[in-house]
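Just below is one structure, and these are the notes that go with it.
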Amino acid sequence: MRSTSATKQPRKIEGSGKRRDQFLAVFLRHLKICHLDTNEKLLVIGGSWQDAELLISAGFNDITLSNFQLELGEDARSNLRVKVKVLAIDAEQVDFPDDSFDCIFAHEVLHHCRSPHAALCEMLRVARKHVVVLEPNDSVLMRLLTRAGFSFPYEIFSVVYHGCESGGVRDSCIPNFIYRWSANELRKTVSSYLAEYDFRAHAYPYWDFNVDEQELSMRKETRIGAITSVLGAKTFLAVLRTFQIVLNGVPILRRQGNKFFCCIEKTADLRPWLTRVDGKIKFNLRSLPEPE
């Protein structure tokens, strides 16, 4: 059973002050919509102990936590009420056979990869039922904000926060490009990889200004620094949180948000033009329309 107070608990990403309560609320809302079973065997790609804590709060109890480099502190493990397995895994080359886990979960990981699409395809390969991702959202408004200097296309802040030694592309000191996703981009990628099978994609863009005062002070590459120097960080954050509530309350504005949640459901249903013969997939000639 998942905790009924889960959505009220502030969640923070390891090594930063980012909250996860908004994401957890979105995730819990989509468990039923996406037919996610909390008894599923779940692999976390690029994970932290905060990922494990969030997933346990959501009701999952069979969790394998993985990261590019296995440098997850052990202190947090003892505080978890569920035993979590830990592995070192490269997101772009997952060392597991096809369909090894029921569900693959990645929270803001793909845009740190050399090829976000390759990492997503690896997740699709290893997952038997579901792939759940949270990534930056690609929208008209986010493009305008970037052009206006209120957002930056490279994640310089993350590298600065990690002492200029990690936090970038493949957890290196090189700031990664912030690859933004849309429902159309995701469906094209999944359709290319799962060419044989039908699938369902549940996309949900939304706003989540999950920053704190320390992170704001490090964002020197945007115009936000000039604004906070006038308003003050606390006032600016209060304004952001108010805007977040208002924007998420209007569907057309919510879809322009900075975050992109998606759950992909794999199915065993072949495309209409395919059939299975003696255990092998064949082109179905009978699916062609009769000539007039």
Report task. Given side-chain contact (heavy atoms from CB on, under 4.5 Å), test His30 with Leu36 step by step and report yes or no. Result -> CA-CA 8 Å; His30 283 81; Leu36 279 161; 5.8 Å; no

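When hydrophobic clusters are built by joining Ile, Leu, Val, Met, Phe, Trp and Tyr residues whose side-chain heavy atoms come closer than 4.5 Å, directly or via intermediates, Tyr179 is not grouped with Ile174. Linking Ile, Leu, Val, Met, Phe, Trp and Tyr residues whenever their side-chain heavy atoms come within less than 4.5 Å places Val82 and Phe27 in a single cluster. Placement of Val169 and Val159 in two distinct hydrophobic clusters is found when ILVMFWY residues are connected by side-chain heavy-atom separations under 4.5 Å, directly or transitively. Side-chain heavy atoms closer than 4.5 Å link hydrophobic residues (I, L, V, M, F, W, Y) into clusters, and following such links, possibly through other members, connects Val94 to Leu110. One hydrophobic cluster holds both Phe150 and Phe236 under the rule that ILVMFWY side chains link at heavy-atom gaps under 4.5 Å.
Side-chain contact check for Lys188 versus Asn184: some heavy-atom pair is nearer than 4.5 Å. A heavy-atom distance below 4.5 Å is not found between the side chains of Tyr197 and Asp269. At a threshold of 4.5 Å between non-hydrogen side-chain atoms, the residues Phe105 and Ile63 do not count as touching. A 4.5 Å side-chain heavy-atom check between Asn248 and Gln22 finds at least one atom pair inside the cut-off. Contact of the Asp62 side chain with the Lys85 side chain is registered, since non-hydrogen atoms from C-beta on lie closer than 4.5 Å.
A distance of 4.5 Å separates CZ in Phe101 from OG1 in Thr64, rounded to the nearest 0.5 Å. Note that CG of Leu237 and OG1 of Thr242 are 10.5 Å apart. Values are rounded to the nearest 0.5 Å. One finds the NE2 atom of His130 at 13.0 Å from the CE atom of Met123 (value rounded to the nearest 0.5 Å). If you take CD1 on Ile264 and CD1 on Ile104, they are separated by 11.0 Å, rounding to the nearest 0.5 Å. To the nearest 0.5 Å, the span separating OG on Ser166 from CG on Asp171 amounts to 5.0 Å. Atom-to-atom distance recorded for Leu186:CG and Asp138:CG is 12.0 Å, nearest 0.5 angstrom.
Cation-pi geometry between Lys259 and Tyr206 is not met: the NZ or CZ atom fails to fall both under 6.0 Å from the ring centre and inside 45° of the normal. Under a cutoff of 6.0 Å and an axis angle of 45°, Arg125 and Phe96 do not form a cation-pi pair.
Taking every heavy atom of both residues into account, Arg128 and Asp99 meet most closely at CA-OD1, 3.8 Å. Between Arg255 and Ser139, the shortest heavy-atom distance links the atoms O-CB, 4.2 Å. Taking both residues in full, the closest heavy atoms of Ala127 and Lys266 are given as O-NZ, 2.7 Å, listed atom of the first, atom of the second, then distance. Looking at every heavy atom in both residues, Glu122 comes nearest to Glu92 through CG-O, 3.7 Å. Counting all heavy atoms, side chain and backbone alike, Leu42 lies closest to Leu55 at CD2-CD1, 3.6 Å. Residue Phe23 comes nearest to Asp208 through the heavy atom pair N-OD2, 4.0 Å, listed as atom of the first residue, atom of the second, then distance.
Of the options Val133, Asp51, Val132, Ile45, a side-chain contact (heavy atoms from CB on, under 4.5 Å) to His107 is made by Asp51 and by none of the others.
Relative ring orientation between His202 and His35 is described as perpendicular, the plane-to-plane angle rising above 60° on a 0-90° scale split at 30° and 60°. Using the six-membered ring where Trp is involved, His117 and Trp181 have ring planes that are tilted, between 30° and 60° apart.
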